Amino acid sequence: LSVAYKKDEL
Amino acid sequence: MNIFRLCGDMSHLAAIIILLLKMWKTRSVAGISGKSQILFATVFTARYLDLFTSFISIYNTCMKVFFIGTVYFTIYLIYMKFKATYDSNHDSFRVEFLIVPVGGLAFLVNHEFAPLEIIWTFSIYLESVAILPQLFMISKTGEAETITSHYLFALGSYRALYLCNWIYRYYAEGFFDLIAVVAGVVQTILYCDFFYLYITKVMKGKKISLPA
């Protein structure tokens, strides 16, 4: 469902 | 970073500054829901737990510190400094009806069953409904000060711009986060009737007065 990523959003 | 997300963050920043200006200039928190501000403080605290552990950028850290600092300062203004002007009778939304279901949903629907991830998911779900006490208060008082309308317009626009950011990131970077997108859509939908009132009334210099 979601691409593994660093949480870079506020 | 892309233009949509930057405009979204600036819109969020503007909303918080408009709110603080309204309180400071008028020395009154009339028409402002303290409960929504408490929910926003919970959202920011839960979401920015990684403030000291993961560094993204100076911008990211500064904005997080600013958001957390201002939301707690807003709560201080509402419940202490300008307490006399706080309209607790009209700020009567039962926030436990939001926190419990949102907390349960965060446990059930998340990307990973890990503490930090569940807390982050809780903050995303909570943010999508955090404005409800404020909208409820306006529907009870039947009207909103123009400055409060600007605050809500900027706050609603921020997540709408984030939706554009996610569309852009999906096509540009293959980035996709279903939880954030679904919560963002719900959050933006909650503002729709307000956006309608704002555009048809406030833009023409009228006040927003809901049919009481």
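All values derive from a computational prediction rather than experimental measurement. Below, each value reflects all heavy atoms present in this structure, side chains not excepted, and no hydrogens, waters or symmetry copies. Lettering follows sequence order; numbering is per chain, from 1.
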- Task: Could you pull out the closest heavy-atom pair between Arg5(B) and Asp8(A), with the gap in Å?
- Result: NH1-O, 3.1 Å
- Check: Lys64(B) and Leu10(A) side chains under 4.5 Å, non-hydrogen atoms: yes
- Check whether more than 12 heavy atoms from other residues, nucleotides or ligands sit under 6.0 Å from atom OH of Tyr170(B), and answer yes or no. no
- Cut-off 4.5 Å, heavy atoms of chain A, and the answer for Phe67(B) is side chain
- How about Phe136(B): does its CZ atom have over 12 heavy atoms from other parts shown lying under 6.0 Å from it? yes
- Return yes if a side-chain donor-acceptor contact under 3.5 Å exists between Asn60(B) and Glu9(A), otherwise no. no
